[in-house]
Amino acid sequence: MGERIAIIGGGIVGVAIARALVLRGLGDVTVFEKEDRLAAHQTGRNSGVVHAGLYYQPGTLKAQLCAAGRVSIRDYCAEKNLPYREVGKLVVAVDESELPALADIERRSLANGVPDLARLDGLARLREIEPSVAGIAAVHSPHTAAVDYGAITEAMAQDVRSNGGTILTGQEVVGLHIDGPSVRVRTTTGEQLFDRVIACAGLQSDVVARLVGADPSPKILPFRGEYWALDPARTDLVRGMIYPVPDPRFPFLGVHFTRGVYDDVHVGPNAVPALAREGYGWLTVSPKDTWESLRWPGAGALAKQHWRMGIDEISGSLVKPLYFRKARRFIPELRMRDLTQKTAAGVRAQAWGRDGTLLDDFAVDQVGPVTLLRNAPSPAATSSMAIADHLIEHYVFARTTD
Ligand SMILES: Cc1cc2nc3c(=O)[nH]c(=O)nc-3n(C[C@H](O)[C@H](O)[C@H](O)COP(=O)(O)OP(=O)(O)OC[C@H]3O[C@@H](n4cnc5c(N)ncnc54)[C@H](O)[C@@H]3O)c2cc1C
């Protein structure tokens with residue numbers, strides 16, 4: 001059966017890696033997931049968008065793996081008969097101040113090979129795509145799609161099981177010890193020996209990295225993204241996806257309108273600092289997580305750079321009219337009562353360096369036989385199958401002894 005390989009984390013990335021390994025006969029694979037189900041955190045709580053690669057700095061891992069990952073996810077959904085809807089996306093400049101950033105997105109998109117991208121100028125052109133939108137210019141990506149990442153993860157998990165792999169839920173990895181050529185993996189229920197370990201622990205990726213003595217930096221800074229549901233009677237205001245031109249100083253895309261794969265329309269996500277790694281509401285507070293963030297060396301630098309945006313995002317989270325005002329910029333016909341209720345929030349695992357910078361690109365560390373995925377924010381769900389190929393090719397089997 002080959003080498004014994006443990007994967008920590010049953011989100012889409014961990015399960016995609018497990019699937020790639022078992023299908024290629026590269027090892028005897030076991031996935032450990034601490035929750036009692038797969039996709040319980042970021043994978044099951046996101047916007048469900050298959051990104052086409054508009055934003056990313058050309059040449060980065062995000063740019064390369066998003067392009068490859070989009071095609072793999074599309075083909076996988078077709079193969080498994082999973083829903084995949086190419087609803088398309090419009091990135092809209094509402095006023096002239098946003099035109100330079102829009103031009104930059106257009107340049108990046110073309111460099112990244114985003115298929116069939118179009119630049120649209122003037123309200124009439126925008127309204128051919130989205131009849132209710134307001135704005136002066138946009139880029140349109142017709143192949144941006146909506147999916148259900150939880151369902152995709154389940155289907156991949158089924159492939160793992162039916163090809164001899166093991167998926168263990170309700171098993172938190174609490175210890176990792178490199179012992180000669182092997183790694184002792186201690187969980188809440190026991191201990192097993194493996195030849196290699198791959199950690200894709202999302203919001204806990206720095207905690208797992210510390211188990212094996214890796215550099216504590218980058219640390220994870222949890223950013224919650226909250227959504228509002230659009231009244232089903234008003235979803236005709238949005239045909240596909242309507243996005244703002246994002247602030248280039250910040251690694252998030254801004255509150256947007258998304259027609260989901262099941263035809264619901266949601267508005268969001270914002271980006272507020274979460275008070276716990278898995279803090280899905282203001283009332284979930286982890287004094288330990290919060291204290292560790294406050295005393296991180298980069299905390300002062302981050303606060304100095306982003307305090308204004310932080311206050312703006314927190315206000316929008318607590319005061320609905322402020323959230324609504326941002327959304328209405330793009331759809332003037334929107335009424336406050338059209339945002340009917342808050343839906344399940346997600347928390348982004350954003351890697352944060354000692355110097356206060358928020359890491360933009362995907363990041364991987366290798367400690368002997370242990371591969372650690374340290375930063376896998378959006379578009380990592382889109383890119384998951386390509387991230388699996390990348391880790392297998394460049395990291396997992398790259399080491400000999402340590
Ligand atoms: C609000 C929001 C919107 C987003 N929108 C999009 C989008 O539209 N498109 C897109 O491509 N991406 C999007 N993303 C990003 C995407 O969801 C993530 O990049 C992706 O899900 C990361 O997958 P993962 O498997 O690395 O992490 P996760 O899904 O977080 O999985 C990590 C798993 O590891 C488990 N774990 C942690 N520690 C341990 C341990 N010690 N032992 C065992 N198990 C452990 C956790 O329980 C968890 O299930 C969004 C994210 C958020 C939060």
Side-chain angles (χ1 to χ4, degrees), residues 6-18 30-53 62 65-66 69-70 73 89 144-150 152-153 156 167-176 185-189 197-212 220 222-227 241 243 251-253 255-256 258 260-261 266 268-272 274 277-278 280 343-351 362 372-388 391:
I7 293 177
I8 305 173
I12 194 166
V13 179
V15 176
I17 296 173
T30 304
V31 177
F32 294 97
E33 166 53 54
K34 72 183 172 73
E35 305 297 344
D36 59 6
R37 62 193 164 96
L38 300 173
H41 292 293
Q42 294 176 96
T43 298
R45 294 170 161 271
N46 60 36
S47 302
V49 177
V50 181
H51 289 289
K62 274 190 179 177
L65 302 181
C66 179
R70 179 185 73 84
I73 287 281
K89 150 172 170 171
T144 299
V147 291
D148 177 344
Y149 284 117
I152 294 174
T153 307
M156 289 182 180
I167 297 191
L168 301 173
T169 52
Q171 299 241 5
E172 181 172 357
V173 172
V174 293
L176 285 175
V185 175
R186 191 155 52 82
T187 70
T188 28
T189 57
V197 173
I198 308 164
C200 309
L203 289 155
Q204 311 287 340
S205 55
D206 54 341
V207 175
V208 171
R210 287 203 306 262
L211 292 179
V212 73
I220 289 298
F223 273 100
R224 186 168 61 250
E226 298 159 332
Y227 297 92
M241 301 176 189
Y243 278 63
F252 308 124
L253 301 181
V255 166
H256 47 85
T258 307
V261 76
H266 53 255
N270 58 357
V272 292
R277 285 169 193 272
E278 292 157 9
Y280 295 108
T343 58
V347 180
R348 305 171 182 86
Q350 174 59 52
F362 299 146
L372 301 159
L373 185 58
R374 304 283 312 245
N375 194 37
S378 183
T382 305
S383 316
S384 50
M385 297 173 90
I387 293 176
L391 291 194

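Since this is a predicted model, take the numbers as computed values, not measurements. Start at 1 and go down the list; that is how both ligands and their atoms are numbered. In this chain, numbering begins with 1 at the start of the sequence shown.
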For [X] and [Y], work out which heavy atoms get closest and say how close.
| X | Y | value |
| --- | --- | --- |
| R45 | A344 | NH1-CB, 4.2 Å |
| S383 | C66 | OG-CA, 3.4 Å |
| A386 | G69 | CB-N, 3.7 Å |
| M241 | A145 | CE-O, 3.4 Å |
| S205 | R374 | OG-O, 3.6 Å |
| P222 | V347 | CB-CG1, 3.5 Å |

For [X], the ligand 1 atoms whose distance to one of its heavy atoms is below 4.0 Å:
| X | value |
| --- | --- |
| G48 | 8 (O) |
| Y227 | 1 (C), 2 (C), 3 (C) |
| A376 | 18 (C), 19 (O), 22 (C) |
| Q171 | 43 (C) |
| P377 | 19 (O) |
| V208 | 41 (N) |
| I12 | 23 (O), 25 (O) |
| T43 | 21 (O), 23 (O), 25 (O), 28 (P), 29 (O) |

For [atom], what is the closest protein heavy atom, and at what distance to 0.1 Å?
| atom | value |
| --- | --- |
| atom 25 (O) of ligand 1 | V13 N, 3.1 Å |
| atom 27 (O) of ligand 1 | Q42 NE2, 3.4 Å |
| atom 5 (N) of ligand 1 | S47 N, 3.2 Å |
| atom 20 (C) of ligand 1 | A381 N, 4.0 Å |
| atom 14 (N) of ligand 1 | S378 CB, 3.6 Å |
| atom 50 (C) of ligand 1 | N46 CB, 3.3 Å |
| atom 42 (N) of ligand 1 | V173 N, 2.9 Å |
| atom 33 (C) of ligand 1 | E33 OE1, 3.6 Å |

(message) Minimum distance, heavy atoms only, to atom 7 (C) of ligand 1: which one of V31, T188, V49 is it?
(response) V49

(request) Closest by any non-hydrogen atom to atom 38 (N) of ligand 1: pick that one out of E226, Q204, M241. (result) Q204

So, do [X] and [Y] sit near enough that their side-chain heavy atoms are less than 4.5 Å apart?
| X | Y | value |
| --- | --- | --- |
| T382 | I73 | no |
| V173 | V208 | no |
| H41 | K34 | yes |
| Q204 | I8 | no |

(request) Would you check the N or O atoms of T382, main chain and side chain alike, for any that come under 3.5 Å of an N or O of ligand 1? (result) yes

(message) Once ring pair (Phe, Tyr, Trp, His ring centres under 6.0 Å) is applied, do any residues pair with H256, and if so which ones, sequence neighbours excluded?
(response) Y243

(message) Taking ring pair (Phe, Tyr, Trp, His ring centres under 6.0 Å) as the definition, give me every residue that meets it alongside Y149, ordered by chain and number, with sequence neighbours left out.
(response) none

(request) Can you spot which of I387, I198, I7 makes a side-chain contact (heavy atoms from CB on, under 4.5 Å) with V13? (result) I387

(request) Answer side chain, backbone, both or neither: which part of A380 comes under 4.0 Å from ligand 1, heavy atoms only. (result) both

(request) Assess R224 for proximity to ligand 1: is some non-hydrogen atom of it under 4.0 Å away? (result) no

(message) Looking at ligand 1, is there an atom of it that comes within less than 4.0 Å of some heavy atom belonging to F223?
(response) no

